[in-house]
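Just so it is clear, the structure is predicted and the values come from calculations on it, not from any experiment. Just the heavy atoms: all of them, side chains too, but no hydrogens, waters or symmetry mates, feed the values below.
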Amino acid sequence: GRDNFTCQMCGARSTIGLRVRLQADHILPFASYPDKRFDVENGRTLCESCHRQTPTYAKGFLSQKQNYTGQEAIRSDGTPCSELLKAHHA
């Protein structure tokens with residue numbers, strides 16, 4: 001698997017009896033660099049805790065829970081991002 005199923009920041013990985021939730025991180029932000037969205041070199045595997053500490057974690061968007069309640073997602077600059085979200089979830 002990608003990065004040997006290991007967090008690239010802290011080295012955490014799942015073992016018997018210990019589950020580490022791994023996530024994909026876009027090094028260059030997904031929304032700002034559309035040409036890098038699917039570039040493998042722009043990705044890394046992080047545990048959820050380390051991912052939350054990155055400066056771009058969920059930047060500019062409401063939480064997914066809020067998005068699914070039907071509220072309009074708003075970027076940090078105040079503009080709606082519904083078109084980006086539609087494309088991302090298509």
Once side-chain contact (heavy atoms from CB on, under 4.5 Å) is applied, do any residues pair with Leu18, and if so which ones, sequence neighbours excluded? Thr15, Val20
Going by the rule side-chain contact (heavy atoms from CB on, under 4.5 Å), which residues pair with Thr54 if we only count those two or more places apart in sequence or in a different chain?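 With sequence neighbours excluded, Thr54 shows a side-chain contact (heavy atoms from CB on, under 4.5 Å) to Met9, Asp25, Arg44, Leu46, His51, Thr56, Tyr57, given in chain and number order.
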Donor-acceptor check, side chain of Arg37 to backbone of Phe30, threshold 3.5 angstrom: yes or no?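 Pair found, side chain donor or acceptor close to backbone of Phe30.
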By the rule that ILVMFWY residues connect when side-chain heavy atoms come within less than 4.5 angstrom, directly or transitively, which residues belong alongside [X]?
X     : answer
Ile16 : none
Val40 : none
Tyr33 : Leu28

Looking at residues at least two apart in the chain, or sitting in another chain, which of them share a side chain to side chain donor-acceptor pair (under 3.5 Å) with Arg52?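 In terms of side chain to side chain donor-acceptor pair (under 3.5 Å), with neighbours along the sequence ignored, Arg52 is linked to Glu48.
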Show the nearest heavy-atom pair for residues Thr6 and Leu22, with the distance to one decimal. N-CD1, 4.0 Å
Minimal non-hydrogen separation, Cys7 against Cys47, with atom names: SG-N, 3.2 Å
Can you list everything that forms a salt bridge (charged side-chain N to carboxylate O under 4.0 Å, His left out) with Arg13? Sequence neighbours excluded, please.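 With neighbours one apart ignored, the set is empty.
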